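What follows is a set of notes on a single structure, which appears directly below.
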Amino acid sequence: MTTDERVGQGGTGPGELAPDGSSVDLYVQVQPHGEDELINAAIAPGSSILELGCGTGRITRPLVAFGHQVVAVDESAAMTSRITEAETVVSTIEELRLDRRFDVVLMMSYLINVADDGARQRLLDTCAHHVKSDGVVLLQQQDREVFARNVVRESPQRRVEVADVKQLPDDMQSATMIYTVDGRTWSQHVLVKNLTEETLSAALHASGLALDGYLTPDRGWIRAKLR
Ligand SMILES: C[S@@+](CC[C@H](N)C(=O)[O-])C[C@H]1O[C@@H](n2cnc3c(N)ncnc32)[C@H](O)[C@@H]1O
């Protein structure tokens with residue numbers, strides 16, 4: 001199956017694919033790698049969380065188990081249909097306008113690194129719209145080392161190949177991710193724009209947000225608040 005491709009995004013492989021090329025069958029098999037614990041440690045107990053781009057609920061589920069109330073949003077109904085533990089909303093992030101505000105707005109999976117600056121601004125506008133005045137926006141950004149070169153990572157569970165890596169102008173990178181699990185293979189084309197602290201701060205500012213710090217020393221996890 002192939003997806004309706006957006007610029008710089010799209011994928012191929014068995015089963016249903018989200019418009020960005022993410023595979024439903026692949027994501028149901030992937031476990032958290034500590035992201036859930038990192039987020040839980042950064043927020044108050046029993047927080048209300050708006051999770052943007054939740055996929056099949058890989059992180060939704062543990063956040064609910066930690067005692068948070070999560071509203072999980074994804075544009076792919078095939079993805080959200082796998083979530084039974086939390087309220088779900090099928091919507092693009094850009095168009096989402098709920099009549100509620102949350103202690104935490106979470107947008108992980110490098111969505112902020114979308115190549116198009118206007119698209120990034122619309123994502124951040126949605127974050128700002130839904131966070132409480134004393135709430136926090138948590139964002140996960142791309143590490144440019146991930147697409148510095150072609151590489152293959154193999155574990156007993158799966159093989160991940162980063163192929164066709166290109167370094168592009170304007171601090172953009174493209175690559176094809178090829179995942180193989182149990183003899184099934186998916187590919188996903190990605191185009192990311194890396195953000196300097198200056199460009200990140202400016203984008204946050206334009207949406208009424210301000211950089212408040214980082215959750216990790218590698219600056220992969222960003223904390224922002226309303227200005
Ligand atoms: C790579 S998956 C990751 C899912 C989940 N965050 C995780 O870590 O397991 C990215 C998800 O974001 C969703 N997504 C990407 N761009 C989106 C957008 N603009 N609006 C809504 N959903 C989006 C995709 O449909 C996909 O399910």
Side-chain angles (χ1 to χ4, degrees), residues 1-13 15-40 49-65 68 70-83 85-86 88-98 104-127 129-130 137-143 146-147 158 160 162 175-179 181 186-193 207 220-222:
M1 200 177 212
T2 56
T3 58
D4 296 337
E5 293 200 14
R6 291 183 185 151
V7 176
Q9 297 181 334
T12 63
E16 292 189 85
L17 305 180
D20 74 347
S22 302
S23 157
V24 174
D25 289 5
L26 176 63
Y27 267 88
V28 288
Q29 300 180 57
V30 184
Q31 299 301 313
H33 302 296
E35 304 96 324
D36 52 337
E37 285 157 5
L38 180 82
I39 295 161
N40 184 52
I49 303 176
L50 180 66
E51 185 190 2
L52 303 173
C54 60
T56 56
R58 185 178 71 93
I59 302 301
T60 318
R61 238 165 258 114
L63 290 177
V64 170
H68 305 293
V70 185
V71 175
V73 178
D74 203 287
E75 65 182 333
S76 163
M79 288 282 186
T80 58
S81 70
R82 304 303 179 104
I83 302 173
E85 300 82 355
T88 59
V89 178
V90 177
S91 171
T92 66
I93 297 167
E94 295 87 330
E95 292 169 305
L96 184 75
R97 286 296 177 269
L98 301 178
V104 180
V105 176
L106 170 66
M107 189 174 73
M108 53 184 296
S109 306
Y110 323 114
L111 298 186
I112 194 175
N113 293 103
V114 60
D116 182 75
D117 293 338
R120 178 175 318 101
Q121 216 56 66
R122 290 191 289 281
L123 297 176
L124 290 174
D125 286 348
T126 295
C127 294
H129 181 89
H130 291 95
V137 176
L138 300 181
L139 307 163
Q140 186 186 25
Q141 69 172 333
Q142 185 69 45
D143 174 358
V146 171
F147 298 133
R158 60 181 187 155
V160 181
V162 183
T176 302
M177 305 288 298
I178 304 166
Y179 304 92
V181 183
W186 294 268
S187 76
Q188 188 169 14
H189 182 68
V190 289
L191 172 66
V192 296
K193 181 165 177 175
S207 290
W221 285 84
I222 298 155

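Being a predicted model, the structure only gives us computed values, none of them experimental. Start at 1 and go down the list; that is how both ligands and their atoms are numbered.
Ion pair R122/D125 not flagged as a salt bridge, since none of the NZ, NE, NH1 or NH2 atoms sits closer than 4.0 Å to an Asp/Glu carboxylate oxygen. Ion pairing between D36 and R61 fails under the 4.0 Å rule for side-chain N and carboxylate O.
Residues N113 and K193 have side chains not in contact (no heavy-atom distance under 4.5 Å, counting atoms from C-beta outward).
Residue nearest to atom 6 (N) of ligand 1, selected from C54, G53, S76, S91: G53 (by heavy-atom distance). Relative to atom 24 (C) of ligand 1, the option among V114, L17, D20, V30 with the closest non-hydrogen atom is D20.
Residue contacts with ligand 1, taken as heavy atom pairs separated by less than 4.0 Å, involve E75 via backbone and side-chain atoms alike. Under 4.0 angstrom from ligand 1, there are no non-hydrogen atoms of A119. Contacts with ligand 1 closer than 4.0 Å are made by side-chain heavy atoms of L111 only, the backbone lying farther away. If you look at E94 next to ligand 1, the close heavy atoms, those under 4.0 Å, all belong to the side chain. The parts of I93 lying near ligand 1 are both backbone and side chain, judged by heavy-atom distances below 4.0 Å.
Listed by atom number, the atoms of ligand 1 under 4.0 Å from M79 heavy atoms are 27 (O). Numbered from 1 in the order shown, with element, the atoms of ligand 1 that lie under 4.0 Å from a heavy atom of G55 read 4 (C), 27 (O).
Looking at ligand 1, you won't find any N or O of E51 less than 3.5 Å from one of its N or O atoms. Polar contact check, R58 against ligand 1: a nitrogen or oxygen pair lies under 3.5 Å apart. Inclusion of S22 in the set of residues having an N or O under 3.5 Å from an N or O of ligand 1 is not warranted.
For the residue pair S76 / D74, no side-chain donor-acceptor distance below 3.5 Å is found, with atom types taken as modelled. Between the side chains of T126 and E94, no donor-acceptor pair of N or O atoms lies under 3.5 Å.
Of the options L63, V71, V64, a side-chain contact (heavy atoms from CB on, under 4.5 Å) to I49 is made by L63 and by none of the others.
V162 pairs by the side-chain contact (heavy atoms from CB on, under 4.5 Å) definition with F147, V151, R153, V165, A175, M177, not counting sequence neighbours.
Annotation: the span from M108 atom CE to E51 atom CD amounts to 7.0 Å, rounded to 0.5 Å.
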